[in-house]
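Before any comments, here is the structure.
Just the heavy atoms: all of them, side chains too, but no hydrogens, waters or symmetry mates, feed the values below. Every number for a ligand or one of its atoms is a count from 1 in the order of the listing.
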Amino acid sequence: MSTIAVPSAAGSGSAATDKFKGNRFTSDTSQERAAAIYKDVLTKLSEVIYEHEVTYDEYRVLKQWLIEVGEGGEWPLWLDVFLEHFIEDSNSRIFSGTKGSIEGPYYVPDAPNLGSKGVMPMREDEKGTQFIFRGQVRDLDGKGIEGATVELWHADSDGYYSQFDDGLGIPTWNLRATFSTDAEGHFHITTVQPAPYQIPHDGPTGEFIASYGGHPWRPAHLHLKVTAPGKRLITTQLYFEGGQWVDDDVAGAVKPELVLHPEPNADGIDEVEYDFVLDPV
Ligand code: MBD
Ligand code: FE
């Protein structure tokens with residue numbers, strides 16, 4: 001057994017805050033809609049307060065914790081783990097293509113494009129079992145889409161994402177790449193199988209989890225963004241059948257349609273085909 005190094009909240013979680021702050025987001029939410037949402041949020045929060053008779057001690061601990069999450073730069077981490085799956089699921093119910101899942105805090109755009117077939121950028125001594133992930137991107141009518149982009153990013157076998165690595169010096173685009181499908185919509189990717197993953201839990205997010213007796217584990221996962229001109233972008237994740245934590249993801253982001261079943265190919269290398277179906281925009 002190897003010891004699993006765990007990314008720190010200060011080093012990895014807060015790097016996500018710095019990246020996020022590089023953007024300025026807006027929403028065209030009307031005043032009426034804002035009023036309706038805020039009123040509902042407060043009403044439902046008040047119901048929780050009365051139902052559990054939340055104490056002043058608990059209120060002060062909450063206030064202190066909220067301040068610490070912000071100061072520690074852990075809001076992207078906490079929000080993406082505990083809330084994003086509701087947002088994703090609620091927004092994707094009307095679509096019929098491949099299921100989405102949460103983006104999480106560690107996406108970086110513009111990873112190098114390796115064409116339709118390639119090996120993920122990795123270190124010479126990258127740990128983990130080699131794994132082939134291939135498939136086809138199609139429209140709702142089943143027609144393969146040429147030039148669709150498949151962005152893939154995942155953690156290394158110690159649970160580190162490049163660019164959020166606690167200063168370990170992992171190469172910038174390690175285990176991050178973009179692929180473009182061939183004339184029939186196919187892509188073919190060689191990478192290493194990721195390991196189960198502990199979210200950084202040495203800060204306030206970890207305190208939150210410990211306070212209710214939870215665990216910080218996510219199942220091993222691949223992150224993907226798949227899109228094509230005129231098609232809806234899907235952000236999703238794929239998991240591995242029988243893997244630890246597939247049934248108990250701290251981030252609540254597993255869907256049965258997103259579980260892979262790799263099997264050894266003729267060369268004895270684990271391989272799996274997974275096809276993506278894109279809704280029109
Ligand atoms: C991750 O890698 C992740 O996917 C999520 C959702 C939260 C923290 C780290
Ligand atoms: Fe992840």
Side-chain angles (χ1 to χ4, degrees), residues 4-20 69 72-92 99-109 111 120-122 126-128 131 133 150-166 168 170 173-177 189 191-210 214-226 234-240 243-255 258-260:
I4 301 173
V6 180
S8 76
S12 311
S14 71
T17 294
D18 293 339
K19 274 261 196 301
F20 195 81
V69 173
E74 288 191 43
W75 277 121
L77 178 64
W78 191 91
L79 288 166
D80 292 354
V81 168
F82 292 100
L83 275 195
E84 190 186 353
H85 66 106
F86 298 123
I87 303 281
E88 189 285 319
D89 200 55
S90 148
N91 277 273
S92 64
K99 296 281 182 206
S101 185
I102 64 178
E103 177 175 310
Y106 301 142
Y107 170 66
V108 184
M120 288 289 275
M122 64 177 83
E126 194 69 49
K127 284 188 276 173
F131 159 64
F133 172 63
V150 177
E151 289 178 87
L152 173 65
W153 72 102
H154 65 86
D156 69 12
S157 68
D158 289 326
Y160 287 97
Y161 285 84
S162 56
Q163 305 187 45
F164 302 91
D165 69 351
D166 270 2
L168 284 181
I170 295 173
W173 297 108
N174 210 59
L175 302 177
R176 296 179 183 275
I189 303 169
T191 188
V192 287
Q193 196 145 341
Y197 176 87
Q198 290 187 82
I199 64 161
H201 59 277
D202 58 342
T205 300
E207 258 180 71
F208 172 78
I209 293 169
H215 69 74
W217 289 95
R218 299 212 60 221
H221 57 278
L222 304 173
H223 288 275
L224 293 132
K225 282 183 185 279
V226 182
I234 50 169
T235 299
T236 194
Q237 297 188 32
L238 294 170
Y239 307 92
F240 297 88
Q244 248 188 318
W245 311 107
V246 168
D247 300 320
D248 189 16
D249 177 10
V250 64
V254 178
K255 299 180 185 182
L258 301 177
V259 179
L260 300 174

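By the criterion of a heavy-atom distance under 4.0 Å, neither the backbone nor the side chain of A253 is placed next to ligand 1. When heavy-atom distances to ligand 1 are checked against a 4.0 Å cut-off, H221 comes that close only through its side chain, counted from C-beta outward.
The single protein non-hydrogen atom nearest to atom 1 (C) of ligand 1 is Y197 CE2, 3.6 Å, given as residue, atom name and distance. Among all protein heavy atoms, the one lying closest to atom 2 (O) of ligand 1 is Y161 OH, 2.9 Å. From the protein, the heavy atom lying nearest to atom 5 (C) of ligand 1 is P105 CD, 3.6 Å. Counting only heavy atoms of the protein, atom 6 (C) of ligand 1 lies nearest to I102 CD1, 3.3 Å. Protein heavy atom closest to atom 3 (C) of ligand 1, with residue, atom name and distance, is R218 NH1, 3.6 Å.
In terms of the ring-ring contact (aromatic ring centres under 6.0 Å, His included) criterion, residue partners of F240 (sequence neighbours excluded) are, by chain and number, F131. Applying the side-chain contact (heavy atoms from CB on, under 4.5 Å) rule to I87 yields the partners N91; only residues at least two apart in sequence or on another chain are considered. Under the rule for a side-chain contact (heavy atoms from CB on, under 4.5 Å), the partners of S101 that lie at least two apart in sequence or sit in another chain are T236, Q237, Y239, A253, L258.
Excluding waters, the set of protein N, O or S atoms lying under 2.8 Å from the Fe ion (ligand 2) comprises Y161 OH, H221 NE2, H223 NE2.
The shell of residues lying under 4.0 angstrom from ligand 1, judged by heavy atoms, includes H223.
Cation-pi geometry between K19 and Y107 is not satisfied (NZ or CZ under 6.0 Å from the ring centre, within 45° of the ring normal).
Counting heavy atoms of neighbouring residues, nucleotides and ligands inside a 6.0 Å radius, atom NZ of K99 does not exceed 12 of them.
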